Amino acid sequence: MSQTQSTTLADAVQTAVKEAKENAGKAISGLAALAKDLDMAETADRLRTTEEQLRADTFKLIVMGRFKNGKSTLLNAVLGGTTTQVDLGGQYGPMVVDDLPATATLTGVRYAEEPYVKAWGFDGKAQPWSLRRYLTESVLDTDQEESERRFAGIKEFEMGFPAKLCKSGVTVYDSPGLDDHPTRTPITQEATRRCDAAIIVYRSDVLMGQGEMMDAARVVADGTRVFTVVNLWGRAPDERLKGFVWNRYVRDQLGGPKYDGQDLAAQSIYFLDAEKARRGRYDGDEALVAASGLTAFEQQLGDYLRRERSQIHLRKFATQATNLSAGIEQHIDQRRVAARTDQERLHTAYEAILPRLTALQDRPSRLPGIFDRHRRRAEAEMTASFLSLVARLRQELPGHMETVELPTGDKFTKVFHQRKLVAEAYGKAGEFVTEQIRTWIEKESVLLLRPVLEDLATEIEKEVASIGRELEEIHLGLTGWQVASSGGGIVSTKERVLSTIGAVLVGDLASALGGGAGGWRGAVGAAAGGFSAGLVLALAGVTSAAVFLPVALVAAALASIAGGGAGLVNRAKRKVLADVDGKLALMPDEKTSMIATELKEQFDTVERAVTVEITALLQEERRNIEEIVELNQRDQAERDRALASLDDAARALADHRLALQRALVTAQQG
């Protein structure tokens, strides 16, 4: 395996983010120290977490497309070049490549000096695998039923691998084919929500069918940057191929102009030979890598990671820190006012506001009722919709099976061929049911959940705004401090809480406290999709045609239609319809409880995060008020020293904010 590469994606990422991250990290660290000195423990903790998240920046990149398009081959080429030698048993890369569909489920590759593999189950537990076992046992079986048995409990693999690219802070995901199996496509779809960019691979010899392009468009989450790769299979990217790809994708799919010699890279479309790139990378032949087209593609992808993604990442955490700094500014300003307030007046005011301050600490107890009300509404609407779906399936399935063509003829008079006929009938029925349920999860459930979550968000916003107003009135009564007298005001604490809600709704806890695109309210739409993604797992036993194809059912059907001859196909269809309808009749009792459980877990996750955030805010505000009273009761000399210290803190705060703004400029210019 080659230990040297020319200009690589890893080099571009490492070089570009260093200065901006370092400057922003120092500023955030300084803000954390200020918060600690002011006894703002929660804010200090959040700032330290923000700094850690900034410094531990990870780019997430997923490679996807239909099976046998060359995804794993391309990924092996991109991962080529390691910091230490790795025994891959003669393979050119850690991803399994075969002449048949090989990728069983999602695999995320991150940096580790010593290779390791973990198999994560749908139950959230991980089982350790060796790299050798992964290389030999993670591949799909030639028997679909055997693959179902082996991988039914595995949601995704996590691999640690000493790839130079991953050491620079990039996690890369290899995904199963989009149309390989219905249970694996939703997992890929959910993964794109975690990823900053997706590489969609097509192959030049069977290029960009409408169904293939629609599959890719449906799976990629909003906001994920897409790079299109045409994997060259025995031909060069001539003008004819370029024109076809441009017109098929840019004109027909994106609504752009027809091809007239444009640069396809301007639309993030690239041509490369993945197999040639893989051989060149692992044989140390960089000339072959360049000839494959991989070098040019890596440079463009690296430019995205270096410029666009770095800017987004820095903006997120710099905004997060800036929002928190508004709270620090508030406390400094409030304590300045307190140090100058008449002692007797403030003591009297404090006694008056104590009951209100104590009552305010109990406000988080209102949250369970709010969340429970909206959860019950979501559960009722989702359950009713699912029951309607099952009723519709039972009504429409007979008509669908009438249109299904099954092979007929004397060959089906033998038991062996009858078994194949019956199995195909079960498969057709299962495919119909599966597709309808997938559509319900991906579309109808989102439409149902969105208004519920919007109403929940509105009610939480009102509750947080009410708490903010109460705190504002307490400070006004205590010292005469008003929002207008500070730079940020109480509104910053409201936005801090609401941003946490948004972060949890989109499943990105690293975005907590602000900085995410669209803020907390912008996350509501994504939340509906995120909640629905959880239903894929809750209904995993349904979203698979194989659930209607057990051996026992086939055997029973054979017994009931024995004899062959005329009408065999119709008898088989009737038997399959009866069996599948029986399963559908049981589905409401079996699956509605799963829907309820999944919704409860999702709502409980958000409720816990919001409760923690509001409670922390109120605890910090109470300590701040107690500090204000204590400062006010000191003698004049001590108050003067405290004012001088607060002035120093204000100047340091301004310096740190300026450093954050400069870091953002550095990222934008990088």
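Values below: every heavy atom of this structure, side chains too, minus hydrogens, waters and symmetry copies. All values reported here derive from a predicted model rather than from experimental measurement.
Ion pairing between a basic and an acidic side chain is recognised when a charged N comes within 4.0 Å of a carboxylate O; Asp455 and Arg377 show such pairing. By the 4.0 Å N-to-carboxylate-O rule, Asp372 lies close enough to Arg376 to be salt-bridged with it.
Contact annotation: the side chain of Glu158 approaches that of Trp120 to within less than 4.5 Å [non-hydrogen atoms, C-beta and beyond]. Between Arg375 and Lys600 there is a side-chain heavy-atom pair separated by less than 4.5 Å. Side-chain contact between Ile199 and Val226 is absent, with no heavy atoms from C-beta onward closer than 4.5 Å. Proximity of Asn231 to Tyr202: side-chain heavy atoms (C-beta onward) are nowhere separated by under 4.5 Å. Contact of the Val109 side chain with the Tyr173 side chain is not registered, since no non-hydrogen atoms from C-beta on lie closer than 4.5 Å. Ile614 is listed as a side-chain neighbour of Val464, based on a closest heavy-atom distance under 4.5 Å. A heavy-atom distance below 4.5 Å is found between the side chains of Glu381 and Val452. Side-chain atoms of Phe371 and Leu456, non-hydrogen and from C-beta on, do get closer than 4.5 Å to each other.
Here CE of Met382 is found 9.5 Å from CD of Glu598. Values are rounded to the nearest 0.5 Å. Once rounded to the nearest 0.5 Å, the distance linking CZ of Arg608 with CG of Leu367 reads 13.5 Å. Atom CD1 of Ile370 sits about 4.5 Å away from atom CD of Glu459, to the nearest 0.5 Å. With values rounded to the nearest 0.5 angstrom, His374 atom NE2 is found 8.5 Å from Thr458 atom OG1. Atom CD in Glu444 sits 11.5 Å away from atom CD1 in Ile437 (nearest 0.5 Å). Note that the OG1 atom of Thr615 and the CZ atom of Arg363 stand 12.0 Å from one another [nearest 0.5 Å].
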Run the side-chain donor-acceptor check on residues 387-404: report pairs under 3.5 Å with partners two or more places apart or on a different chain.
unit_1 : atom_1 : unit_2 : atom_2 : d
Arg394 : NE     : Asp581 : OD1    : 2.8
Arg394 : NH2    : Asp581 : OD2    : 3.0
Thr403 : OG1    : His400 : O      : 2.6

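Shortest non-hydrogen contact noted between Pro368 and Pro364 is CD-O, 3.6 Å.
Annotation for Lys573: atom NZ counts as buried by contact number, over 12 foreign heavy atoms lying within 6.0 Å.
Side chain to side chain, Ser72 and Asp174 meet the donor-acceptor criterion of an N or O pair below 3.5 Å. In this structure, a donor-acceptor pair under 3.5 Å is present between the side chains of Ser385 and Trp440.
With hydrogens and angles ignored, the 3.5 Å screen pairs no side-chain donor or acceptor of Thr228 with any backbone N or O of Ile200. Distance alone, capped at 3.5 Å, places no donor-acceptor pair between the Trp129 side chain and the Met159 backbone. Of the possible donor and acceptor atoms, none in the side chain of Ser466 sits under 3.5 Å from a partner among the backbone N and O of Lys462.
Looking at residues two or more places apart in sequence or on another chain, you find no salt bridge (Lys or Arg N to Asp or Glu O under 4.0 Å) involving Arg251.
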